[in-house]
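A quick write-up on the structure given underneath.
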Amino acid sequence: MSDETRTEISTPSADEEIRDLETPAELEEARLERQTDEGAQELRPQREVVLTGGPWPELEGEGEGETMIINMGPQHPSTHGVLRVMMELDAETVVRAKPIVGYLHTGMEKTGEELTYVQGATNVTRMDYASPLGNELVFSMAVERLLDVEVPPRAIWIRMLLVELNRMASHLLFQATNGMDLGALSMMIYGWREREVTLRLLEEITGLRMNHNFIRPGGVAADLPDGWEDAVHQTCEQVEAGVEEYDRLLTNNPIWHERTVGVGLITTEQALALGASGPILRSTGFPWDLRKAQPYLAYDEVDFDVIYTENGDCFDRFRIRLHEILESVKIVRQCVEKMPTGDYRVQDRKVTPPPRERIDESMEALIHHFKLFTEGFKVPPGETYVAIESPRGEIGCYLVSDGTGKPCRLHIRGPSFYNLQTMNVMVEGRLVADAVAVISSVDPIMGEVDR
Amino acid sequence: MKYPADPLLTGDIDLTVVLIVIGKTIVTFALLLVAVMLYIWFMRKVIADMQNRIGPATAGPFGVLQSVADGVKLFFKEQSMPTSADRRVFLIAPYLSILPAFLAFSIVPIGGEVSIAGHQTYLQLAELPIGVLWLLAMSGLGLYGVMLAGWSSGSKYPLLGSVRASAQLLSYEAAFGLAVVGVLIQSGTLSTRGIVDGQAWTGNWIDGIRAWYFLPAIVAFVIFLIAAIAETNHPPFDLVEAEQELVGGFHTEYTGIRFAIFFLAEFMNVITMSAIAVTLFLGGPAGPGLGFLATDGTVNVWLMPVFWFMLKLLVLLYCTVWLRATLPRLRYDQLMDLGWKYMIEIAFLWIMVSGLVVIAREEDWNLWIVVPAAAVGAAAVYGVLYASMPKRHELVEEIK
């Protein structure tokens, strides 16, 4: 086809398009088409008033129902990282809200398929960066289930100790950011102060403050350091004192009540239908906690309560997390009491590396060490789903193995992602300030949402 | 009542008088600027202490020069403006905000009557017969800077901030004005010097403090404090620039020194409002002199009144810092509720009750009957008003 013919064909059709759109009916249709474009991530205004040239007598009373689309995030002080919420505002009332995720997507699940099972824990630990040990635990438990490995009791109790310490740190972070989002700036510092204490303890035990890579398939990376009991007790005392202080500062504060009671309401049915779990589900009066519902590790051997409330508002979620810190303290104390002796990882050299000093003495140990850290271990074919209770809800690991040293498919069910879906339900019809309170009470960790 | 004119300006006006006035202007200006700097430092130090931090510590002794360092930095920063901004208004807005803050302070009596170069004068920049009205006018004008800044930025968050600002400041302006009336009923004059004279120190502690208007106008005092905090956009009423909701509110698009000017104006307003509260309710410079020194000596005439004024100011400023560190922020509709449904009604009723009491005193009626009757009447009126108000949960039902 020559250039000439092409021009002839395209020109009239373009003209036609422009002519078509000039009629009001066509414009309306085009607008509707855009509006009902469900695939598009962005919100479109339901009604656009385009003002060109003055005066507009026909626009008398047109301001009624006119809305404004406002972008909250991805750079915004209270969207917890890079969450972007598009909100349609009628004055300050949120008519519709749409969370837009993906700004922190780094393809961790896909990366997981390229890493061996030994390396896997370093990958998943970066997902929910506020409770990294939970991620490592769920991944390790999935791998162990496929391997059919029995973890020694000391490893189980160390894991439980660490995960509960991490839950404390995560909920303390929530207390800090929740206070900050509602304008109680001192609360932010107080929350971080106690979180720092728990992180310091975790650093003492695991060597790192975050992204520990300490819970690994087969057990934990190292035994507890000397004098850990005293350090744990000290931390528990400090955290308890801190929680009491938050309680005094906020729980009975009238402004705090005004801002949170009855805000962000959600029912059990809605929460279940949207896949919410953790404190959001428990705040609706549904005492669902995997630690009790399907005990893993040694949770059936420790004494603790599932905290739940009836109202399903932001205040309840604040209270639940506050009291869960105390429950975690309780569990941690029992861990110190009941900590068994023995190995901290399985002694199967095909899964866990030999001790460092054995490498100098034994050829076999050297080979095991080399093999483990170069190509890892092979996992029998099969698939599994393991779920545990992370601070944010049910974190699950779906793992498919094809018999090689790397997972065929790794999927993490991040509770933040599902909890975030409840945000629109809680926000719509409320004010912008409530939207901030709601986002805060969902406590999303964007690394886990986007994975 | 005749208002007490500044003795400096009642006689002939010669060069010395003009120089004294210019000197007073410069001193007031410098005083306010230095006070703002020190207040920012004080605020940061106190909040840091409440939050287990150190706060500014490197610039100067105890970090006292931190505000200067920040100011210098902001002064030399690049300034940007959104392309959609209304250029002229955008540039003017910061100054519209800071000017009334300066002007309002000019009527505050800082000290007593002193003698400078042979002229008797009050230790205050301007003594206006309508001093309190001037204050109300200036605090109303301050709103324009905030409103226009948000409006002219051509951006959505500032726009929300500026709409909030106009609604909030207007509603609290009403309660603020009515609370001031509570003092005017007691003092019978609009002049700030007259009000301070009405609360002058009478020699002993009990009578001296009883003369201050915060006791006879206790309800007005509380309403004044709340309204003043809301007027100055101070936490827990800082909705206009609620960082967690509106990023920066009206000053989101401002950078460099223009941004700094907004902050300066805000803190200046806090100081001015506290100074006004001291003047209206806490006796201004009234306080005991040093008994072992001559009553007409330099210390007792110049220093002690200024000392008492600054001490009361410091106490109030400490309270504002305390609020800033402690309380969560109210929501917009709750703020409006508080303003329109409680404070304005209570202020109105208080005016009626205290007016009645003042008349009863003058006419020598039996106060034991008048005061309870007035209180019961006011409570009944408020009860009726409250019962007839739409409740928030009803409104919410309606919206749904």
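Chain naming here is simple, since letters A, B, ... match the order of the sequence lines and numbering starts at 1 in each.
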Top contributor to chain A contacts, counting heavy-atom pairs under 4.5 Å, from Val163(B), Leu159(B), Leu327(B):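 Winner by heavy-atom pair count: Leu327(B).
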
From Leu335(B) CG over to Glu258(A) CD, what is the distance, rounded to the nearest 0.5 angstrom?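 Going from CG on Leu335(B) over to CD on Glu258(A), the span is 11.0 Å.
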
Walk me through it: do Arg331(B) and Val263(A) pass the test side-chain contact (heavy atoms from CB on, under 4.5 Å)? CA-CA 11 Å; Arg331(B) 205 171 59 208; Val263(A) 170; 3.5 Å; yes

Any side-chain heavy atom of Leu185(A) within less than 4.5 Å of one from Gln51(B)? yes

Below 4.5 Å, heavy atoms only, C-beta onward: do Gln334(B) and Arg259(A) meet side chain to side chain?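 They are in side-chain contact.
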
Just wondering, are more than 12 heavy atoms of other shown residues or ligands nearer than 6.0 Å to [atom1] in [X]?
X         : atom1 : value
Leu314(B) : CG    : yes
Trp151(B) : CH2   : no
Glu203(A) : CD    : yes
Arg53(B)  : CZ    : yes

Tyr157(B) versus Asn71(A), closest heavy-atom pair with distance: OH-O, 2.6 Å

Search all heavy atoms of Met50(B) against all heavy atoms of Tyr190(A) and return the closest pair with its distance. O-OH, 2.5 Å

If one checks every heavy atom of Pro235(B) against chain A at 4.5 Å, the contacting part turns out to be neither

Members of residues 245-255 of chain A whose heavy atoms come closer than 4.5 Å to chain B: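 Contacts with chain B: Leu249(A), Leu250(A), Asn253(A), Ile255(A).
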
Any salt bridge (Lys or Arg N to Asp or Glu O under 4.0 Å) involving residues 37-47 of chain B? Give me the pairs, sequence neighbours left out, ordered by first then second residue.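 Qualifying pairs, neighbours excluded: Arg44(B)-Asp70(B).
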
